[in-house]
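Chain identifiers are assigned alphabetically (A, B, ...) following the order of the sequence lines, protein sequences preceding nucleic acid strands; residue numbering begins at 1 within each chain. Just the heavy atoms: all of them, side chains too, but no hydrogens, waters or symmetry mates, feed the values below. None of the values given here were measured: they were computed from a predicted structure.
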Protein chains: 2
Amino acid sequence: MLPNPYDLIPSSALRPISGAIGDVVFHQGDPTHGLYVVQTGRVHLERVGPNGERFIIHRAQAGTSFAEASVFSEVYHCDAVCVEAGVLIRIDKAAVMAAFADPAFARAYGRQAAQQIQAQRQMLEIVGIRRAEDRVMAGLVAGLLDGSVVEFAARLQLSHEATYRALRKLVQDGRVTNPCRGIYHLRP
Amino acid sequence: MLPNPYDLIPSSALRPISGAIGDVVFHQGDPTHGLYVVQTGRVHLERVGPNGERFIIHRAQAGTSFAEASVFSEVYHCDAVCVEAGVLIRIDKAAVMAAFADPAFARAYGRQAAQQIQAQRQMLEIVGIRRAEDRVMAGLVAGLLDGSVVEFAARLQLSHEATYRALRKLVQDGRVTNPCRGIYHLRP
DNA sequence: GGCAGCATATGATTGAAATCATATTGCGAT
DNA sequence: ATCGCAATATGATTTCAATCATATGCTGCC
(Lines give C-alpha, C1' and ligand atoms only; values in the text may rest on other atoms or scores of the structure.)
Protein backbone atom coordinates (compact mmCIF):
# COMPACT_ATOMS: atom_id res chain seq x y z
CA MET A 1 0.00 0.00 0.00
CA LEU A 2 1.20 3.46 -0.85
CA PRO A 3 1.88 5.95 1.92
CA ASN A 4 -1.43 7.23 3.25
CA PRO A 5 -1.08 10.99 3.62
CA TYR A 6 -3.29 11.04 6.68
CA ASP A 7 -0.84 8.83 8.57
CA LEU A 8 1.35 11.92 8.67
CA ILE A 9 -1.27 13.97 10.52
CA PRO A 10 -0.69 14.20 14.30
CA SER A 11 -3.17 12.02 16.14
CA SER A 12 -4.29 14.99 18.22
CA ALA A 13 -6.04 16.24 15.07
CA LEU A 14 -8.02 13.00 14.68
CA ARG A 15 -11.40 12.57 16.32
CA PRO A 16 -13.30 9.30 16.14
CA ILE A 17 -17.04 9.70 15.64
CA SER A 18 -19.50 6.87 15.94
CA GLY A 19 -22.43 7.18 13.61
CA ALA A 20 -25.78 5.45 13.99
CA ILE A 21 -27.97 4.89 10.98
CA GLY A 22 -29.63 8.13 9.95
CA ASP A 23 -27.19 10.32 11.87
CA VAL A 24 -26.36 13.56 10.10
CA VAL A 25 -22.58 14.02 10.28
CA PHE A 26 -22.85 17.57 8.98
CA HIS A 27 -25.36 19.79 7.21
CA GLN A 28 -25.02 21.87 4.10
CA GLY A 29 -24.00 25.35 5.31
CA ASP A 30 -22.43 24.17 8.58
CA PRO A 31 -18.99 25.65 9.24
CA THR A 32 -16.36 23.14 8.20
CA HIS A 33 -14.39 21.20 10.80
CA GLY A 34 -12.45 19.04 8.43
CA LEU A 35 -12.55 15.96 6.27
CA TYR A 36 -13.65 12.46 7.27
CA VAL A 37 -12.31 8.96 6.81
CA VAL A 38 -14.86 6.14 6.95
CA GLN A 39 -13.50 3.32 9.08
CA THR A 40 -16.66 1.23 9.08
CA GLY A 41 -20.22 1.80 7.87
CA ARG A 42 -21.39 3.92 4.94
CA VAL A 43 -22.12 7.60 4.49
CA HIS A 44 -24.12 9.35 1.78
CA LEU A 45 -23.38 12.92 0.75
CA GLU A 46 -26.56 14.60 -0.39
CA ARG A 47 -27.42 17.92 -1.93
CA VAL A 48 -30.93 19.26 -1.52
CA GLY A 49 -32.67 20.53 -4.64
CA PRO A 50 -34.80 23.68 -4.66
CA ASN A 51 -38.01 21.67 -4.22
CA GLY A 52 -36.58 19.54 -1.45
CA GLU A 53 -35.46 16.63 -3.61
CA ARG A 54 -32.39 14.96 -2.17
CA PHE A 55 -29.67 14.10 -4.69
CA ILE A 56 -26.93 11.77 -3.59
CA ILE A 57 -23.64 13.21 -4.80
CA HIS A 58 -21.42 10.52 -3.30
CA ARG A 59 -21.59 7.21 -1.44
CA ALA A 60 -18.57 6.88 0.85
CA GLN A 61 -17.50 3.31 1.60
CA ALA A 62 -15.41 2.00 4.48
CA GLY A 63 -11.74 2.81 3.90
CA THR A 64 -12.41 5.96 1.89
CA SER A 65 -12.41 9.63 2.79
CA PHE A 66 -14.98 12.28 2.03
CA ALA A 67 -15.39 16.05 2.27
CA GLU A 68 -11.72 16.54 1.41
CA ALA A 69 -12.54 19.88 -0.22
CA SER A 70 -13.97 21.15 3.08
CA VAL A 71 -10.36 21.77 4.14
CA PHE A 72 -10.35 24.64 1.66
CA SER A 73 -13.88 25.81 2.32
CA GLU A 74 -15.67 27.76 5.08
CA VAL A 75 -18.88 25.76 4.98
CA TYR A 76 -19.93 22.28 3.92
CA HIS A 77 -21.67 22.23 0.56
CA CYS A 78 -23.78 19.14 1.14
CA ASP A 79 -25.28 16.98 3.88
CA ALA A 80 -23.51 13.87 5.13
CA VAL A 81 -25.86 11.15 6.37
CA CYS A 82 -24.85 7.85 7.90
CA VAL A 83 -26.72 5.10 6.01
CA GLU A 84 -24.96 2.22 7.74
CA ALA A 85 -23.78 2.48 11.34
CA GLY A 86 -20.04 2.68 11.81
CA VAL A 87 -17.11 4.76 12.92
CA LEU A 88 -15.69 7.81 11.18
CA ILE A 89 -12.47 9.67 11.87
CA ARG A 90 -12.67 13.41 11.55
CA ILE A 91 -9.41 15.08 10.57
CA ASP A 92 -9.14 18.70 11.62
CA LYS A 93 -8.89 21.04 8.65
CA ALA A 94 -6.25 23.26 10.32
CA ALA A 95 -4.03 20.22 10.83
CA VAL A 96 -4.37 19.30 7.15
CA MET A 97 -3.62 22.86 6.09
CA ALA A 98 -0.54 22.84 8.32
CA ALA A 99 0.55 19.43 7.02
CA PHE A 100 0.85 20.81 3.50
CA ALA A 101 4.02 22.52 4.76
CA ASP A 102 5.51 19.04 5.09
CA PRO A 103 6.73 18.01 1.62
CA ALA A 104 6.28 14.33 2.51
CA PHE A 105 2.60 14.90 3.27
CA ALA A 106 2.19 17.12 0.22
CA ARG A 107 3.65 14.49 -2.10
CA ALA A 108 1.70 11.64 -0.52
CA TYR A 109 -1.49 13.69 -0.83
CA GLY A 110 -0.64 14.62 -4.42
CA ARG A 111 0.03 11.04 -5.36
CA GLN A 112 -3.16 9.73 -3.81
CA ALA A 113 -5.24 12.50 -5.36
CA ALA A 114 -3.72 12.07 -8.83
CA GLN A 115 -4.37 8.34 -8.77
CA GLN A 116 -7.91 8.82 -7.56
CA ILE A 117 -8.60 11.35 -10.30
CA GLN A 118 -7.22 8.95 -12.89
CA ALA A 119 -9.31 6.07 -11.56
CA GLN A 120 -12.46 8.20 -11.53
CA ARG A 121 -11.87 9.41 -15.08
CA GLN A 122 -11.58 5.82 -16.17
CA MET A 123 -14.82 4.94 -14.37
CA LEU A 124 -16.57 7.85 -16.11
CA GLU A 125 -15.38 6.58 -19.47
CA ILE A 126 -16.47 3.03 -18.67
CA VAL A 127 -19.96 3.85 -17.44
CA GLY A 128 -20.32 6.01 -20.55
CA ILE A 129 -20.08 2.93 -22.77
CA ARG A 130 -23.62 2.10 -23.89
CA ARG A 131 -23.50 -1.54 -24.95
CA ALA A 132 -23.52 -3.85 -21.93
CA GLU A 133 -21.07 -6.23 -23.59
CA ASP A 134 -18.55 -3.48 -24.36
CA ARG A 135 -18.95 -2.02 -20.87
CA VAL A 136 -18.35 -5.39 -19.23
CA MET A 137 -15.32 -5.98 -21.45
CA ALA A 138 -13.92 -2.55 -20.52
CA GLY A 139 -14.58 -3.33 -16.86
CA LEU A 140 -12.67 -6.61 -17.18
CA VAL A 141 -9.74 -4.86 -18.89
CA ALA A 142 -9.74 -2.28 -16.10
CA GLY A 143 -9.57 -5.09 -13.53
CA LEU A 144 -12.87 -4.15 -11.91
CA LEU A 145 -14.01 -7.76 -11.43
CA ASP A 146 -12.13 -8.65 -8.27
CA GLY A 147 -15.00 -9.59 -5.95
CA SER A 148 -18.40 -10.96 -6.92
CA VAL A 149 -20.15 -10.43 -10.23
CA VAL A 150 -22.91 -8.63 -8.35
CA GLU A 151 -20.41 -6.09 -7.04
CA PHE A 152 -18.82 -5.81 -10.48
CA ALA A 153 -22.24 -5.11 -12.00
CA ALA A 154 -22.91 -2.40 -9.45
CA ARG A 155 -19.60 -0.70 -10.26
CA LEU A 156 -20.48 -0.81 -13.95
CA GLN A 157 -23.94 0.61 -13.23
CA LEU A 158 -25.50 -2.43 -14.93
CA SER A 159 -28.05 -4.89 -13.62
CA HIS A 160 -26.38 -8.12 -12.56
CA GLU A 161 -28.54 -9.99 -15.04
CA ALA A 162 -27.27 -7.89 -17.94
CA THR A 163 -23.75 -8.40 -16.64
CA TYR A 164 -24.14 -12.21 -16.51
CA ARG A 165 -25.53 -12.22 -20.03
CA ALA A 166 -22.70 -10.05 -21.34
CA LEU A 167 -20.14 -12.29 -19.62
CA ARG A 168 -21.71 -15.40 -21.16
CA LYS A 169 -21.66 -13.75 -24.60
CA LEU A 170 -17.99 -12.83 -24.18
CA VAL A 171 -17.22 -16.42 -23.15
CA GLN A 172 -19.15 -17.78 -26.16
CA ASP A 173 -17.22 -15.42 -28.44
CA GLY A 174 -13.99 -16.66 -26.94
CA ARG A 175 -12.90 -13.29 -25.59
CA VAL A 176 -13.20 -14.36 -21.96
CA THR A 177 -12.66 -17.65 -20.13
CA ASN A 178 -14.94 -18.95 -17.40
CA PRO A 179 -12.75 -21.56 -15.66
CA CYS A 180 -15.30 -22.06 -12.93
CA ARG A 181 -18.57 -20.70 -11.67
CA GLY A 182 -18.24 -16.99 -10.90
CA ILE A 183 -14.69 -16.67 -12.24
CA TYR A 184 -14.01 -14.86 -15.50
CA HIS A 185 -10.67 -14.05 -17.06
CA LEU A 186 -9.61 -12.23 -20.20
CA ARG A 187 -8.32 -14.66 -22.81
CA PRO A 188 -4.70 -13.66 -23.43
CA MET B 1 -10.54 31.82 -10.55
CA LEU B 2 -8.67 29.94 -7.87
CA PRO B 3 -4.89 29.86 -7.88
CA ASN B 4 -3.68 27.41 -10.52
CA PRO B 5 -0.94 25.35 -8.90
CA TYR B 6 0.99 25.14 -12.14
CA ASP B 7 1.42 28.92 -12.21
CA LEU B 8 3.88 28.36 -9.36
CA ILE B 9 6.12 26.10 -11.45
CA PRO B 10 9.20 27.86 -12.91
CA SER B 11 8.76 28.41 -16.62
CA SER B 12 12.03 26.61 -17.31
CA ALA B 13 10.17 23.38 -16.46
CA LEU B 14 7.48 24.05 -19.07
CA ARG B 15 7.86 22.83 -22.63
CA PRO B 16 5.30 23.64 -25.29
CA ILE B 17 4.55 20.75 -27.66
CA SER B 18 2.55 21.14 -30.84
CA GLY B 19 0.49 18.09 -31.68
CA ALA B 20 -0.90 17.21 -35.08
CA ILE B 21 -3.90 14.95 -35.38
CA GLY B 22 -2.87 11.34 -34.75
CA ASP B 23 0.36 12.28 -33.01
CA VAL B 24 1.23 10.00 -30.12
CA VAL B 25 2.30 12.20 -27.21
CA PHE B 26 3.55 9.20 -25.27
CA HIS B 27 3.19 5.44 -25.27
CA GLN B 28 2.27 3.03 -22.52
CA GLY B 29 5.59 1.91 -20.99
CA ASP B 30 7.53 5.03 -22.01
CA PRO B 31 9.56 6.56 -19.18
CA THR B 32 7.64 9.47 -17.71
CA HIS B 33 8.69 13.06 -18.42
CA GLY B 34 5.87 14.75 -16.63
CA LEU B 35 2.27 15.82 -16.85
CA TYR B 36 0.59 17.78 -19.61
CA VAL B 37 -1.75 20.73 -19.85
CA VAL B 38 -3.89 20.97 -22.97
CA GLN B 39 -3.86 24.54 -24.24
CA THR B 40 -5.73 23.84 -27.47
CA GLY B 41 -6.87 20.71 -29.26
CA ARG B 42 -7.93 17.41 -27.71
CA VAL B 43 -6.04 14.34 -26.50
CA HIS B 44 -7.30 10.81 -25.85
CA LEU B 45 -5.70 8.56 -23.29
CA GLU B 46 -6.04 4.94 -24.35
CA ARG B 47 -5.24 1.62 -22.80
CA VAL B 48 -4.71 -1.39 -25.02
CA GLY B 49 -6.60 -4.55 -24.10
CA PRO B 50 -5.05 -8.03 -24.27
CA ASN B 51 -6.54 -8.66 -27.73
CA GLY B 52 -5.51 -5.27 -29.08
CA GLU B 53 -8.78 -3.47 -28.32
CA ARG B 54 -8.19 0.18 -27.52
CA PHE B 55 -10.14 1.55 -24.57
CA ILE B 56 -10.31 5.28 -24.10
CA ILE B 57 -9.73 5.99 -20.43
CA HIS B 58 -9.92 9.76 -20.69
CA ARG B 59 -10.65 12.55 -23.16
CA ALA B 60 -8.64 15.63 -22.25
CA GLN B 61 -10.15 18.94 -23.34
CA ALA B 62 -8.46 22.29 -23.83
CA GLY B 63 -7.75 23.90 -20.47
CA THR B 64 -7.38 20.63 -18.58
CA SER B 65 -4.37 18.61 -17.53
CA PHE B 66 -3.68 14.92 -17.97
CA ALA B 67 -1.18 12.30 -16.83
CA GLU B 68 -0.87 14.01 -13.46
CA ALA B 69 -0.12 10.65 -11.83
CA SER B 70 2.94 10.24 -14.08
CA VAL B 71 4.74 12.59 -11.70
CA PHE B 72 4.73 9.72 -9.21
CA SER B 73 5.37 6.95 -11.69
CA GLU B 74 8.36 5.67 -13.66
CA VAL B 75 6.46 4.84 -16.83
CA TYR B 76 3.25 6.01 -18.48
CA HIS B 77 0.39 3.56 -18.03
CA CYS B 78 -1.50 4.42 -21.20
CA ASP B 79 -1.07 5.95 -24.65
CA ALA B 80 -1.82 9.62 -25.27
CA VAL B 81 -3.00 10.37 -28.81
CA CYS B 82 -3.79 13.78 -30.21
CA VAL B 83 -7.27 13.59 -31.77
CA GLU B 84 -7.51 17.31 -32.55
CA ALA B 85 -4.44 19.34 -33.44
CA GLY B 86 -3.31 21.81 -30.82
CA VAL B 87 -0.66 22.81 -28.34
CA LEU B 88 0.23 21.05 -25.11
CA ILE B 89 2.47 22.21 -22.30
CA ARG B 90 4.57 19.52 -20.72
CA ILE B 91 5.46 20.14 -17.09
CA ASP B 92 8.61 18.39 -15.95
CA LYS B 93 7.93 15.84 -13.25
CA ALA B 94 11.03 16.77 -11.22
CA ALA B 95 9.85 20.37 -11.11
CA VAL B 96 6.45 19.27 -9.81
CA MET B 97 8.06 17.01 -7.21
CA ALA B 98 10.24 19.90 -6.10
CA ALA B 99 7.29 22.29 -6.02
CA PHE B 100 5.58 20.17 -3.37
CA ALA B 101 8.17 21.58 -0.98
CA ASP B 102 6.45 24.95 -1.45
CA PRO B 103 3.41 24.98 0.85
CA ALA B 104 1.66 27.45 -1.44
CA PHE B 105 1.93 25.03 -4.36
CA ALA B 106 1.00 22.07 -2.17
CA ARG B 107 -2.17 23.79 -0.94
CA ALA B 108 -3.14 25.03 -4.40
CA TYR B 109 -2.63 21.54 -5.77
CA GLY B 110 -4.56 20.00 -2.90
CA ARG B 111 -7.44 22.37 -3.34
CA GLN B 112 -7.68 21.82 -7.07
CA ALA B 113 -7.42 18.05 -6.69
CA ALA B 114 -10.02 17.88 -3.91
CA GLN B 115 -12.49 19.91 -5.95
CA GLN B 116 -11.90 17.84 -9.05
CA ILE B 117 -12.43 14.62 -7.08
CA GLN B 118 -15.67 16.00 -5.67
CA ALA B 119 -16.90 17.08 -9.11
CA GLN B 120 -16.05 13.71 -10.63
CA ARG B 121 -17.82 11.83 -7.85
CA GLN B 122 -20.90 13.91 -8.49
CA MET B 123 -20.69 13.19 -12.23
CA LEU B 124 -20.44 9.47 -11.49
CA GLU B 125 -23.55 9.64 -9.34
CA ILE B 126 -25.43 11.63 -11.96
CA VAL B 127 -24.61 9.42 -14.94
CA GLY B 128 -25.60 6.47 -12.74
CA ILE B 129 -29.20 7.71 -12.61
CA ARG B 130 -31.21 5.57 -15.02
CA ARG B 131 -34.31 7.63 -15.80
CA ALA B 132 -33.57 10.40 -18.28
CA GLU B 133 -35.90 12.77 -16.43
CA ASP B 134 -34.21 12.20 -13.08
CA ARG B 135 -30.78 12.48 -14.64
CA VAL B 136 -31.64 15.76 -16.33
CA MET B 137 -33.10 17.09 -13.07
CA ALA B 138 -29.93 16.11 -11.21
CA GLY B 139 -27.87 17.76 -13.93
CA LEU B 140 -29.87 20.96 -13.56
CA VAL B 141 -29.46 20.92 -9.78
CA ALA B 142 -25.72 20.41 -10.27
CA GLY B 143 -25.63 23.45 -12.57
CA LEU B 144 -24.43 21.46 -15.57
CA LEU B 145 -26.63 23.32 -18.05
CA ASP B 146 -24.54 26.41 -18.65
CA GLY B 147 -23.97 26.19 -22.40
CA SER B 148 -26.20 24.58 -24.99
CA VAL B 149 -28.61 21.74 -24.38
CA VAL B 150 -26.56 19.62 -26.77
CA GLU B 151 -23.48 20.07 -24.60
CA PHE B 152 -25.56 19.44 -21.46
CA ALA B 153 -26.85 16.19 -22.99
CA ALA B 154 -23.31 15.06 -23.80
CA ARG B 155 -22.21 15.68 -20.21
CA LEU B 156 -25.16 13.65 -18.97
CA GLN B 157 -24.36 10.84 -21.44
CA LEU B 158 -27.85 11.16 -22.87
CA SER B 159 -28.96 11.74 -26.45
CA HIS B 160 -29.99 15.35 -26.97
CA GLU B 161 -33.45 14.17 -28.01
CA ALA B 162 -33.96 12.37 -24.71
CA THR B 163 -32.68 15.46 -22.94
CA TYR B 164 -35.13 17.76 -24.74
CA ARG B 165 -38.00 15.40 -23.94
CA ALA B 166 -37.01 15.22 -20.29
CA LEU B 167 -36.75 19.00 -20.11
CA ARG B 168 -40.19 19.39 -21.68
CA LYS B 169 -41.64 16.90 -19.20
CA LEU B 170 -40.05 18.75 -16.29
CA VAL B 171 -41.50 22.03 -17.61
CA GLN B 172 -44.96 20.42 -18.01
CA ASP B 173 -44.74 19.10 -14.46
CA GLY B 174 -43.84 22.59 -13.25
CA ARG B 175 -40.46 21.64 -11.85
CA VAL B 176 -38.54 23.70 -14.39
CA THR B 177 -39.25 26.96 -16.20
CA ASN B 178 -38.50 27.55 -19.87
CA PRO B 179 -38.54 31.38 -20.11
CA CYS B 180 -37.32 31.24 -23.70
CA ARG B 181 -36.08 28.83 -26.33
CA GLY B 182 -33.05 26.95 -25.08
CA ILE B 183 -33.16 28.41 -21.55
CA TYR B 184 -34.26 26.25 -18.62
CA HIS B 185 -34.27 27.15 -14.93
CA LEU B 186 -35.21 25.28 -11.79
CA ARG B 187 -38.48 26.54 -10.38
CA PRO B 188 -37.61 27.90 -6.93
C1' DG C 1 -32.16 39.19 -48.97
C1' DG C 2 -31.38 34.54 -49.13
C1' DC C 3 -28.93 30.65 -48.12
C1' DA C 4 -26.23 27.41 -45.09
C1' DG C 5 -25.72 25.39 -40.90
C1' DC C 6 -26.66 24.49 -36.28
C1' DA C 7 -29.55 24.38 -32.04
C1' DT C 8 -34.05 23.51 -30.76
C1' DA C 9 -37.85 20.69 -30.76
C1' DT C 10 -40.98 16.67 -31.29
C1' DG C 11 -43.07 12.39 -33.43
C1' DA C 12 -42.41 7.35 -34.81
C1' DT C 13 -39.89 3.16 -34.57
C1' DT C 14 -36.52 0.10 -32.82
C1' DG C 15 -33.48 -2.08 -29.85
C1' DA C 16 -31.33 -3.15 -25.79
C1' DA C 17 -31.22 -3.22 -20.95
C1' DA C 18 -34.24 -3.37 -16.80
C1' DT C 19 -37.35 -6.00 -14.58
C1' DC C 20 -39.73 -10.07 -13.32
C1' DA C 21 -39.58 -14.92 -12.83
C1' DT C 22 -37.34 -19.26 -11.84
C1' DA C 23 -33.72 -22.65 -11.14
C1' DT C 24 -29.36 -24.17 -9.52
C1' DT C 25 -25.21 -24.02 -6.90
C1' DG C 26 -22.40 -23.33 -3.00
C1' DC C 27 -21.66 -22.24 1.77
C1' DG C 28 -22.23 -21.24 6.59
C1' DA C 29 -25.05 -22.01 10.61
C1' DT C 30 -27.71 -25.13 13.50
C1' DA D 1 -27.62 -33.53 7.01
C1' DT D 2 -30.30 -29.95 6.02
C1' DC D 3 -31.95 -25.47 6.32
C1' DG D 4 -31.60 -20.92 4.73
C1' DC D 5 -29.53 -17.54 2.12
C1' DA D 6 -26.88 -15.27 -1.28
C1' DA D 7 -24.52 -15.65 -5.72
C1' DT D 8 -24.88 -17.56 -10.11
C1' DA D 9 -27.36 -18.21 -14.17
C1' DT D 10 -30.88 -17.82 -17.77
C1' DG D 11 -35.62 -17.18 -19.87
C1' DA D 12 -39.74 -13.99 -20.70
C1' DT D 13 -41.66 -9.55 -20.73
C1' DT D 14 -41.68 -4.64 -20.38
C1' DT D 15 -39.85 -0.24 -20.39
C1' DC D 16 -37.55 3.43 -21.97
C1' DA D 17 -33.80 5.65 -24.26
C1' DA D 18 -31.49 5.51 -28.87
C1' DT D 19 -32.26 6.18 -33.37
C1' DC D 20 -34.44 7.86 -37.39
C1' DA D 21 -37.18 11.37 -39.38
C1' DT D 22 -38.87 15.96 -39.83
C1' DA D 23 -39.65 20.77 -38.97
C1' DT D 24 -38.69 25.38 -37.24
C1' DG D 25 -36.16 29.13 -35.39
C1' DC D 26 -31.92 31.65 -35.14
C1' DT D 27 -27.23 33.38 -36.75
C1' DG D 28 -23.60 34.37 -39.73
C1' DC D 29 -22.21 35.11 -44.24
C1' DC D 30 -21.85 36.51 -49.17
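When the C1' atom of C:dA7 is taken as reference, atom CG of B:Asp146 falls 16 Å away, rounded to whole Å. Residue A:Phe152 contributes atom CZ, which lies 16 Å from atom P of D:dA7 at whole-angstrom precision. Between the CG atom of A:Leu145 and the C1' atom of D:dT8 there is a distance of 13 Å, given to the nearest Å.
One finds no salt bridge joining A:Arg168 and A:Glu133 here, because no Lys/Arg side-chain nitrogen approaches an Asp/Glu carboxylate oxygen to under 4.0 Å. Comment: B:Asp79 does not engage B:Arg47 in a salt bridge, judged by the lack of any side-chain N to carboxylate O separation of less than 4.0 angstrom.
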Query raised in the report: Which nucleotides of nucleotides 9-21 of chain D have their base under 4.0 Å from a protein heavy atom (B), which only their sugar-phosphate (S), and which neither (-), written as one string 5' to 3'?
Result: SBBB----SSBB-
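Note: B:His33 and B:Tyr76 have tilted aromatic rings, judged against thresholds of 30 and 60 degrees for the angle between ring planes.
Aromatic rings of A:Tyr36 and A:Phe26 (six-membered ring for Trp) have centroids within the 6.0 Å cut-off, being under it.
Residues A:Val127 and A:Ile129 fail the side-chain proximity criterion, which asks for heavy atoms closer than 4.5 Å.
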